[in-house]
Structure formats: C-alpha cells, structure tokens
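I have placed the structure first, in the form of structure tokens, so that the comments after it can refer back to it.
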Amino acid sequence: MLRSVVTKRSFSISVPSWAAKTVQHDVVIIGGGPGGYVAAIKAAQLGLNTACVEKRGKLGGTCLNVGCIPSKALLNNSLMYHQMKTDVKQRGIDVEGEVKLNMDQFQKAKDKVVGQLTGGVEMLFKKYKVTYYKGNGSFEDEHTVKVSPVEGLAGTVAEETLLDTKNVIIATGSEVTPFPGIKIDEERIVSSTGALSLKEIPKRMAIIGGGIIGLEMGSVYNRIGSKVSVLEYQGQIGASMDGEVAKSTQKFLKKQGIDFKLNTKVISAERNGDVVDIVVEDVKSGKKENIQADVLLVAVGRRPYLEGLNAEKLGLDVDKKGRLVIDDLFNTKFPHIKVIGDVTFGPMLAHKAEDEGIAAAEIIKTGHGHVNYNNIPSVMYSHPEVAWVGQTEEQLKDAGISYKVGKFPFIANSRAKTNLDTEGFVKILIDAETERLLGAHIIGPNAGEMIAEAGLALEYGASAEDIARVCHAHPTLSEAFKEANLAAYSQPINF
C-alpha cells in the first residue's frame with residue numbers, strides 16, 4: 001500500500017505505509033465524546049499509557065458540541081426570556097420597556113459555553129497526560145490504529161501515524177438518523193444540529209418526532225415565538241416515558257402552546273423557497289393533510305456511527321440496528337477491543353457512555369468493572385422538567401410484577417408554592433410485597449436533579465419506608481420525593 005507525501009519542494013513521492021510514524025500505547029480510544037474522553041482519563045489515572053483519537057477537532061463528541069450542552073444553554077436562556085415576558089409581573093417585578101430577544105447574542109452565549117467545556121476536556125487530557133491525536137482513527141489490524149489527517153481540520157496530525165496498542169476502546173458515538181426521502185439542508189429542513197444554530201426565529205416550526213430531542217427543541221422555539229407542531233407516528237409522545245407521565249407531559253406542553261398530531265405519518269417534505277411543504281397521513285383513517293412550515297426539524301432519533309473506522313476489516317460483528325456487538329465485558333470478538341456508548345447496545349445517553357468508559361478502563365487494568373443498566377436515569381429539560389429511572393408501570397405489568405404506586409403533587413409542596421412553580425408530581429413504584437423501590441418518575445421543577453436520589457435508592461435496594469424515614473430539609477422540593485414514598489407504603493403527611 002502506497003501513500004503520497006508532499007515535500008517542501010512541492011512534488012510527490014510514494015512511500016510504503018509501513019514507513020509511517022509508529023507510536024506505542026497501552027490503550028487507544030477511538031472517539032473523544034463523553035464515553036471516549038472519560039475512558040481516556042480513567043485509563044490514564046490507572047497508570048496506562050493512553051491515547052485518544054478524535055476527528056471532529058474538538059473533544060466532547062455530539063453531547064458537548066451539538067447535543068446536550070448547547071441545547072441546555074438554549075433551553076435555559078429561552079426559559080428566562082419567556083418568564084421575563086409572561087411571569088415576572090405576578091412576582092412583583094416590573095420590567096420597563098419591551099423584552100426582546102437578540103438572536104445573535106442568544107446563539108453566541110450558547111457557543112461560548114460549548115467552547116469553554118470542550119477546551120476544558122482538552123486541559124484534562126494535558127493534566128492526566130493523555131496523548132490526543134486530531135485525525136481519523138481506523139483499524140490497520142487488531143493491534144494497530146492508523147491516524148490519518150483530516151482535510152480542513154486545524155491541528156490535525158501532519159502525517160499518517162500508526163498507533164501500536166495492547167488495547168482499543170471504540171467510542172465513535174452516533175449520528176442523526178435520516179428520514180427516507182427528506183433532504184436535510186440545515187437551513188429550512190434541519191436536523192437537531194441545525195436547530196441549535198438557526199439565525200432567525202421561524203414563525204412556524206414543524207417537528208417530526210415526539211421524543212426528547214424534538215420536544216426540547218420545540219420548547220425552545222415555542223418560548224421565543226414560533227408556532228410549533230409535533231408530528232408523531234405513535235399514539236403517545238416521550239418514547240420510553242411511563243404512560244401516565246407521557247400523557248401529563250403532553251398536557252402541559254400543549255398548554256404552553258405546542259400543537260400535537262399523534263398517530264401521524266409523514267409522507268413527504270420538500271423545501272420550496274423559504275417554505276417547507278409537508279404531506280402527512282393519519283395512521284388510523286388514512287386521511288392526508290398538507291402542512292406548511294418555515295422550518296422543519298427532523299428528530300426521529302440517532303444511529304450508530306462507524307464511518308471511517310474500518311471495522312469490517314477485522315470482521316467485527318454488527319447487529320440489525322448497525323450496532324457493534326459486545327459481551328458483558330464490552331468485548332468484541334477480540335477481547336482487547338472493547339466498545340462503549342452509542343455505537344453499541346443500550347440507551348444513547350451521555351452518562352451511560354461515561355459509566356461504560358470508566359468500567360471499560362477498569363476492566364483493562366484490573367479485570368473488573370460494572371454498569372447497572374437497570375439504573376440509568378433519563379431527563380427531558382422542558383419546563384417543568386421530566387425525569388425517570390427504573391421501571392415504568394407498563395414494564396411492571398408486562399413482567400407480571402405486583403406493585404404499588406405512591407404520588408405526591410408539587411402543588412402541595414411548600415417550596416414549589418413559594419417559587420410559584422407547582423406543576424407536576426412525583427410518582428413512585430414499589431414492589432407490593434417487599435416495598436422495595438422499582439421506579440421513580442418526576443414531572444416538576446428540579447426533576448433532573450431530584451432523580452439522583454431515586455438512583456441512589458435503587459442502587460442500594462432501599463424500600464419506600466427507608467427513603468421516607470431519611471430526614472429531608474425543609475422547605476425543599478425534595479420533600480415531594482419523600483412524601484411520594486410515604487404515599488407508596490403508607491400515607492403522605494401534606495396531601
């Protein structure tokens with residue numbers, strides 16, 4: 001195999017690939033997202049000579065660059081804007097003049113945070129002596145990863161570099177799932193990436209998909225003035241949410257102004273100038289309808305990303321969903337090649353990938369590592385927030401598990417009332433016989449933080465009574481969690 005090298009005199013010569021620079025490492029991580037960079041840091045902390053290869057040019061993967069972090073910046077700032085326009089008068093706050101949104105600064109504030117966090121990860125690499133290669137990582141063989149320059153990427157490797165390694169962790173993440181027949185231009189027909197960087201507020205936004213990504217982006221643009229319509233094929237939004245929670249979530253989002261078309265199949269969508277023409281069909285009746293939008297967001301999920309990895313050269317197994325197949329120690333067919341994060345099984349969540357990254361590094365070093373896949377929380381950062389962990393009612397019914405329910409509304413919580421933020425409830429599911437916590441589902445203020453208490457209780461097998469007998473500070477929103485556990489095994493005090 002030959003490659004071309006340009007000299008200072010601007011002529012090309014051919015040299016064999018084996019002449020490329022070769023570097024030795026104990027472990028090489030391909031991908032610098034939440035799973036990859038955490039795995040790299042942990043491996044380095046454990047004393048392994050560690051390298052991380054990333055072709056984006058910035059560490060942090062989808063999450064930090066075009067996912068979790070920028071979306072939360074927009075969600076937080078859009079909520080502040082919305083509250084300034086609609087909510088502050090009842091709090092005794094008079095705002096002089098018109099409250100306006102500066103779209104340019106709105107986006108710059110998001111970009112600043114992203115830059116700070118991605119730069120922070122690079123500083124951590126330096127702190128823990130992780131060797132960082134900017135370039136595309138691909139397999140030459142089962143113990144050799146080739147890093148190739150990426151055209152147009154600042155700081156990319158100057159030449160092909162071969163990494164001779166004892167272990168490899170694949171953490172290449174995921175990409176937006178395309179919608180058949182719909183061309184994304186990131187201007188009028190956008191993915192979640194394009195939705196994060198719109199230069200103008202669309203008067204009408206249509207969203208294909210009623211999952212977390214679609215609902216969060218819908219919340220942002222609904223707050224800042226767009227008329228938002230969600231087109232969902234299923235009869236319920238929220239994907240993996242508990243059924244009761246999903247219905248309640250839809251109610252509060254509808255009250256905020258978001259329109260929902262459930263049981264709706266999108267037939268086609270085409271940009272015509274500054275308008276997107278969409279044809280939909282009612283799943284039950286077959287009736288078709290034409291819809292127009294200024295921006296169409298395609299948010300039908302994500303799929304594993306394997307492009308450029310050369311995994312097929314090693315014959316790595318791939319399942320029907322395009323995910324790399326692994327065993328319970330994250331191993332592929334080669335025990336020294338492990339896979340974590342979105343590119344393999346399980347929920348596509350940054351914190352799931354992070355925990356896998358730590359576990360994979362520990363297994364390489366010690367032979368032991370652990371991730372509890374029954375205890376991975378999910379959060380939707382709407383307002384109120386929605387968070388859940390453990391099992392849903394539907395899952396318990398399907399499994400034939402006898403259970404009891406405890407609920408407590410935030411309207412009966414003193415802190416929520418003083419904050420004038422009382423929408424939602426805490427729902428607790430416990431085993432009918434042992435009263436052990438099986439699942440927790442929260443709609444309400446601070447739900448994303450509060451769900452951590454449920455995760456801790458699940459991990460250590462706490463019962464509802466165990467949780468309720470722990471003294472919770474007053475007045476706090478967390479008292480609603482305590483009261484819901486009281487309700488599950490006995491009776492609440494304040495409702």
Side-chain angles (χ1 to χ4, degrees), residues 3-6 8 15 17 19-45 48-70 111-140 143-165 167-175 193 304-311 337 339-343 350 353-354 357 360-361:
R3 65 186 180 89
S4 180
V5 178
V6 181
K8 291 181 179 179
V15 298
S17 61
K21 176 184 176 183
T22 301
V23 185
Q24 304 285 332
H25 291 287
D26 293 327
V27 57
V28 171
I29 293 93
I30 305 176
Y37 87 72
V38 168
I41 291 171
K42 188 62 181 179
Q45 288 175 340
L48 299 170
N49 181 339
T50 305
C52 183
V53 184
E54 171 56 57
K55 69 177 180 180
R56 185 187 295 270
K58 293 183 179 180
L59 294 167
T62 294
C63 177
L64 263 67
N65 288 280
V66 290
C68 320
I69 298 305
D111 294 338
K112 181 179 179 181
V113 172
V114 170
Q116 289 172 337
L117 288 172
T118 55
V121 177
E122 197 161 338
M123 291 298 295
L124 287 170
F125 272 16
K126 292 177 181 178
K127 176 180 178 180
Y128 291 107
K129 296 181 174 56
V130 175
T131 305
Y132 174 26
Y133 295 93
K134 288 187 181 181
N136 182 71
S138 62
F139 284 104
E140 281 284 277
H143 280 288
T144 308
V145 174
K146 179 175 69 177
V147 185
S148 306
V150 177
E151 186 177 350
L153 174 62
T156 188
V157 290
E159 60 180 351
E160 283 187 357
T161 303
L162 298 179
L163 309 182
D164 184 17
T165 181
N167 300 279
V168 179
I169 298 176
I170 300 171
T172 49
S174 61
E175 63 180 350
T193 300
Y305 184 78
L306 291 170
E307 185 178 343
L309 183 63
N310 210 15
I337 300 178
V339 187
I340 62 172
D342 289 2
V343 74
E354 289 176 350

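- Among all heavy-atom pairs drawn from Ser174 and Asp342, the shortest one is OG-OD2, 2.7 Å.
- For the pair Tyr133 and Leu163, the minimum side-chain heavy-atom distance is below 4.5 Å.
- In this structure, the separation between CG on Asn310 and OG on Ser148 is 10.0 Å, given to the nearest 0.5 Å.
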Sequence neighbours excluded and cut-off under 3.5 Å, please list the side-chain donor-acceptor pairs for residues 51-66, or say none.
| from | atom 1 | to | atom 2 | distance (Å) |
| --- | --- | --- | --- | --- |
| Glu54 | OE1 | Gly32 | N | 2.7 |
| Glu54 | OE2 | Arg56 | N | 2.6 |
| Lys55 | NZ | Asn136 | OD1 | 3.4 |
| Lys55 | NZ | Tyr305 | OH | 2.8 |
| Thr62 | OG1 | Arg302 | NH2 | 3.1 |
| Asn65 | ND2 | Leu59 | O | 3.2 |
| Asn65 | ND2 | Gly61 | O | 2.9 |

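- Here CD of Glu160 is found 4.5 Å from NZ of Lys146. Values are rounded to the nearest 0.5 Å.
- Here the CD-CD1 distance, from Glu354 to Ile340, works out to 9.5 Å after rounding to the nearest 0.5 Å.
- Remark: the backbone N or O of Val150 is paired with a side-chain donor or acceptor of Thr156 at under 3.5 angstrom.
- Considering only heavy atoms from C-beta on, Val157 comes within 4.5 Å of Pro149 through its side chain.
- Between the side chain of Asp26 and the backbone N or O of Thr50, no donor-acceptor pair lies under 3.5 Å.
- Distance check: Leu162 CG to His143 NE2 gives 14.5 Å after rounding to the nearest 0.5 Å.
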Just list the side-chain donor-acceptor pairs under 3.5 Å for residues 38-45, sequence neighbours left out, or say none.
none

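- His25 NE2 to Thr131 OG1: the interatomic distance, rounded to the nearest 0.5 Å, is 4.5 Å.
- Minimum interatomic distance between Phe125 and Tyr132 (heavy atoms only, all atoms of both residues): CD2-CB, 3.9 Å.
- To the nearest 0.5 Å, atoms CG (Leu309) and CD1 (Ile30) are separated by 5.0 Å.
- At least one side-chain heavy atom of Val168 sits under 4.5 Å from a side-chain heavy atom of Phe139.
- With Thr118 contributing its side chain and Gln116 its backbone, the two residues share no donor-acceptor pair below 3.5 Å.
- Of all heavy-atom pairs between Ala360 and Ile169, the closest is CB-CD1, 4.0 Å.
- Checking each of Asn49, Asp164, Thr165 against Gln24 for a side chain to side chain donor-acceptor pair (under 3.5 Å) leaves exactly one that passes, namely Asp164.
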